[in-house]
Amino acid sequence: MPTTRYFDEQVSIRRAYLRLEWCERTVARPEYSAVQADGRVRYWRRIEEFDGRWLRVITLEDGITIHNAFPDRRFSLPATASSEER
């Protein structure tokens, strides 16, 4: 999957513990997703190899190009999440 310059120069260095394969898996098979007001897409997935933590990956408007990624400690699946949102 393509990544932005920001991801390559900032995120992958500051959060070197994150694996690109986790980000790619999250985008390809999210457990939940949402579109931001600016058109970027947020994806969440629980990563077992990361002690079962939630990973949030943000892509550009194309829904593919990875821009940011980080563990999201405050996330929990919304109780009203429909299968289309997941």
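Taken together through direct or relayed side-chain contacts under 4.5 Å among Ile, Leu, Val, Met, Phe, Trp and Tyr, L55 and V27 form part of one hydrophobic cluster. Each of Y6 and I13 belongs to its own hydrophobic cluster when Ile, Leu, Val, Met, Phe, Trp and Tyr are linked at side-chain heavy-atom distances under 4.5 angstrom. Hydrophobic clustering (side-chain heavy atoms under 4.5 Å, transitive across Ile, Leu, Val, Met, Phe, Trp, Tyr) groups M1 together with V57. Transitive grouping of hydrophobic side chains (ILVMFWY, heavy atoms separated by less than 4.5 Å) keeps I47 and L77 in distinct clusters.
No side-chain donor-acceptor contact under 3.5 Å links D51 to the backbone of R53. Remark: side-chain polar atoms of S12 are paired, donor with acceptor, to backbone N or O of F7 under 3.5 angstrom. No donor-acceptor distance shorter than 3.5 angstrom exists from the side chain of Y43 to the backbone of A34, with no hydrogens or angles considered. Listed for the R45 side chain is a donor-acceptor partner under 3.5 Å among the backbone atoms of R29. Under a 3.5 Å cut-off, the side chain of Q36 and the backbone N or O of R42 do not form any donor-acceptor pair.
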- Message: What verdict does the side-chain hydrogen bond (donor to acceptor under 3.5 Å, both in side chains) test give for H67 and T4, after you've listed the backbone C-alpha separation in whole Å, the side-chain angles of each residue and the deciding distance to 0.1 Å?
- Response: CA-CA 5 Å; H67 178 66; T4 63; 3.1 Å; yes
- Task: Could you please spell out the steps behind the side-chain contact (heavy atoms from CB on, under 4.5 Å) verdict for R74 and W54?
- Result: CA-CA 9 Å; R74 295 181 184 170; W54 286 101; over 6 Å; no
- Item | Working for side-chain contact (heavy atoms from CB on, under 4.5 Å), residues T3 and D8 | CA-CA 7 Å; T3 57; D8 295 338; 2.6 Å; yes
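Here the straight-line distance linking atom CG of L60 with atom CZ of R40 works out to 5.5 Å at 0.5 Å rounding. Rounding to the nearest 0.5 Å gives a distance of 8.5 Å between CD1 of I58 and CG of D38. Distance OG1/T26 to CG/L18: 9.5 Å, rounded to 0.5 Å.
At a threshold of 4.0 Å, the pair R14-E9 does not count as salt-bridged, since none of the basic side-chain nitrogens sits closer than that to a carboxylate oxygen.
No side-chain heavy atom of P2 sits less than 4.5 Å from a side-chain heavy atom of I66. Contact annotation: the side chain of F50 never approaches that of R19 to less than 4.5 Å [non-hydrogen atoms, C-beta and beyond]. In this structure, the side chains of F70 and R15 come closer than 4.5 Å at one or more pairs of heavy atoms.
Residues satisfying the ring-ring contact (aromatic ring centres under 6.0 Å, His included) test with W44, not counting sequence neighbours, are Y32, F75.
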